**Q** 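Sharing a structure with you now.
What you are looking at is a predicted structure, and each value in this text was computed from that prediction instead of being measured. All residue numbers refer to positions in the sequence shown, counting from 1.
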Amino acid sequence: MLVLLPPSEGKAASGDGVPVALDRLSLPGLTAARGAVLEALVGLCRGAEDTAAEVLGLSPGLRGEIARNAGLPTAGARPAGEVYTGVLFDNLGLATLDAAAYDRAERSLLVFSGLWGAVRIDDRIPPYRCSMGVKLPGLGALGAYWRGAMVSVLPEVADGLVLDLRSSAYAAAWKPAGEVASRTATVRVLQERNGKRTVVSHFNKATKGRLVRDLLVAGAEPKTPGELVDALLELGHRVEVAAEGTARKAWQLDVIVTDVH
C-alpha cells in the first residue's frame, strides 16, 4: 500500500543534522527537478525581500521564513517525519508508533512537497516554506512543474493499492492514470449531525491522520480499494463507497464522523 499525504504548513523549528543531500533522497528520478526548485527558491529568497514575500504568499509575521529559505543549502536536516508538524501529522503520531508500525510507515508513506516533489518520512530534509501553489521565477507553477517530473517516477512505486489523501493543490502534482487509477482510493470526510452530512475542512486532516495511524498499528495490508474499505470498517470507522473505480478512475470513499475533533 502506498499512502499519499500532503505536507503541513507547520514544520519543526530547525534541523539537527548535516545539510540535505539531494542524491540521497528517495525517488532518485526527481533529483534534477529538486535541484532546480531548490536553486530557484534560494535565489528568490536571497533577493528582494518584498518580492520573495509576494511570490511565497507570506504575511508580515512570516517574513522570517525568507531568511530560512535563503539558508536551505547549509541548513541542518532531519527526517521528514519529524519536519512536518501539522494537524494530520499530530494525529498520525509517528513518534509514538512501535517499531513494526514505524517500519510500515517508512515503506508506505509518501509526503508531497512544493520544494522536494515527494519524500519518504525517513528522507532527511531541512524545514522550509514553499507550497505547491507557488509560481517560482523561471519554473512557473510548481504543481505543473512537478507533474512533468513525476509522470515517469511515481508509477514505479505505485505498484499496489494507492490511498490518496492529498489536498487538491498537491494532487495536481501527480494524478494516477490508467491502471494505477483503478487501484487508487480517495477519501472525503463528512460530519453527520441531525441527519445531515457536511464536508469538514480543517478537521478532515485529523481524521485522515487517525485513519492512517490505525492502519499502520493494525498491520493492515489491503491490496485493493475494496479490501481497504473492509479494513477500515473492521477498525471501527464508518466508511461508504461514494463511487467505485473503473479501469481509469479512482474509487471515492466517504468517511462519516459525528464528533469533529
Side-chain angles (χ1 to χ4, degrees), residues 2-47 52 55-58 62-97 99 101-134 136 139 142 145-146 149-150 153-154 157 166 169-170 173-174 209 212 216:
L2 181 68
V3 183
L4 310 182
L5 299 176
S8 63
E9 290 191 6
K11 296 180 180 70
S14 63
D16 61 355
V18 297
V20 62
L22 297 183
D23 60 354
R24 299 188 65 179
L25 298 179
S26 301
L27 307 177
L30 299 178
T31 300
R34 288 168 174 148
V37 177
L38 179 60
E39 182 179 2
L41 178 62
V42 171
L44 169 71
C45 292
R46 288 178 178 175
V55 171
L56 297 176
L58 300 178
L62 292 174
R63 288 206 169 197
E65 300 288 341
I66 297 172
R68 178 154 74 171
N69 280 349
L72 284 173
T74 57
R78 63 171 63 193
E82 298 177 10
V83 169
Y84 298 113
T85 60
V87 174
L88 188 154
F89 291 89
D90 284 346
N91 284 270
L92 174 54
L94 290 169
T96 60
L97 294 175
Y102 193 86
D103 182 64
R104 287 189 284 272
E106 288 183 322
R107 296 196 313 267
S108 62
L109 303 186
L110 195 62
V111 185
F112 275 63
S113 162
L115 174 53
W116 313 112
V119 292
R120 301 284 190 181
I121 63 168
D122 57 343
D123 282 326
R124 298 185 66 86
I125 58 174
Y128 64 95
R129 187 81 178 202
C130 184
S131 71
M132 192 65 79
V134 165
L136 281 180
L139 297 182
L142 289 177
Y145 176 84
W146 282 115
M150 291 189 186
V153 175
L154 265 293
V157 297
R166 298 172 296 166
Y170 290 88
W174 181 66
V212 176
L216 294 172

**Q** Look up atom CG in L109 and atom CZ in R104, then write down how far apart they are to the nearest 0.5 Å.
**A**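 Nearest 0.5 Å value for the CG-CZ distance: 11.5 Å.
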**Q** Any chance you could measure L142, atom CG, to L115, atom CG, to the nearest 0.5 Å?
**A**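 Nearest 0.5 Å value for the CG-CG distance: 8.5 Å.
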**Q** Not counting sequence neighbours, list each pair that qualifies as a side-chain hydrogen bond (donor to acceptor under 3.5 Å, both in side chains) and has a residue in residues 110-119.
**A** S113-Y128
**Q** Tell me the closest heavy-atom pair linking P73 and P19, and the distance in Å.
**A**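 The answer is O-CB, 3.3 Å.
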**Q** Go through the structure and list residues passing side chain to side chain contact (heavy atoms under 4.5 Å, CB included) with R120, not counting sequence neighbours.
**A**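 Testing R120 for side chain to side chain contact (heavy atoms under 4.5 Å, CB included), a comparison that skips the adjacent residues, returns L2, S26, L110, D122, D123, V157.
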**Q** If you measure from CD on E106 to CG on L216, what distance do you get to the nearest 0.5 Å?
**A**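 Answer for the CD-CG pair, E106 versus L216, is 11.0 Å.
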**Q** Please list, chain by chain and in numerical order, all residues satisfying salt bridge (charged side-chain N to carboxylate O under 4.0 Å, His left out) with R124, sequence neighbours excluded.
**A** D16
**Q** Quick one: CG on L4 to CH2 on W174, what's the gap to the nearest 0.5 Å?
**A**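 Between atom CG of L4 and atom CH2 of W174 there are 6.0 Å.
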**Q** As an exercise, state the distance from CD1 of I125 to CD of E82, rounded to the nearest 0.5 Å.
**A**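 Result: 10.5 Å between the selected atoms.
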**Q** Test of understanding: with side chain to side chain contact (heavy atoms under 4.5 Å, CB included), list the residues that count as partners of A67, not counting sequence neighbours.
**A**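 Here no residue qualifies.
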**Q** Going by the rule side chain to side chain contact (heavy atoms under 4.5 Å, CB included), which residues pair with A70 if we only count those two or more places apart in sequence or in a different chain?
**A** C45, R46
**Q** Quick one: pull up CG in L27 and CG in L154 and give me the separation to the nearest 0.5 Å.
**A**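 Between atom CG of L27 and atom CG of L154 there are 6.5 Å.
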**Q** For V134 and R129, what are the C-alpha separation, side-chain angles and deciding distance, and is it a side chain to side chain contact (heavy atoms under 4.5 Å, CB included)?
**A** CA-CA 10 Å; V134 165; R129 187 81 178 202; over 6 Å; no
**Q** Specify the closest pair of heavy atoms between R68 and A12, including all atoms of both residues, with the distance to one decimal.
**A** NH1-O, 3.3 Å
**Q** Would you name the heavy atoms of L139 and A36 that are closest together and state the gap between them?
**A** CD1-O, 3.8 Å
**Q** Work out which heavy atom in A33 is nearest to a heavy atom in W146; give both atom names and the distance.
**A** CB-CZ3, 3.5 Å
**Q** Under the side chain to side chain contact (heavy atoms under 4.5 Å, CB included) test, which residues partner P6, sequence neighbours left out?
**A**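 By the side chain to side chain contact (heavy atoms under 4.5 Å, CB included) rule, P6 matches L88, S167, Y170.
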**Q** Determine, step by step, whether V111 and F89 satisfy the side chain to side chain contact (heavy atoms under 4.5 Å, CB included) criterion, reporting the C-alpha distance in whole Å, the side-chain angles of both residues, the deciding distance to 0.1 Å, and the verdict.
**A** CA-CA 11 Å; V111 185; F89 291 89; 4.0 Å; yes
**Q** Near R24 CZ, under 6.0 Å, is it more than 12 heavy atoms from other residues, nucleotides or ligands?
**A**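 Not buried by this count: 12 neighbours or fewer within 6.0 Å.
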**Q** Tell me the closest heavy-atom pair linking G114 and V37, and the distance in Å.
**A** O-CG1, 3.7 Å
**Q** Should V20 and L72 be marked as a side chain to side chain contact (heavy atoms under 4.5 Å, CB included) after you check the CA-CA gap, both sets of side-chain angles, and the distance that decides it?
**A** CA-CA 8 Å; V20 62; L72 284 173; over 6 Å; no
**Q** For the side-chain contact (heavy atoms from CB on, under 4.5 Å) test, which of L56, L58, L44 pairs with N69?
**A**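 Only one of L56, L58, L44 forms a side-chain contact (heavy atoms from CB on, under 4.5 Å) with N69, namely L56.
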**Q** Kindly give the heavy-atom pair with the smallest separation between G86 and S8, and that separation in Å.
**A** N-OG, 3.2 Å
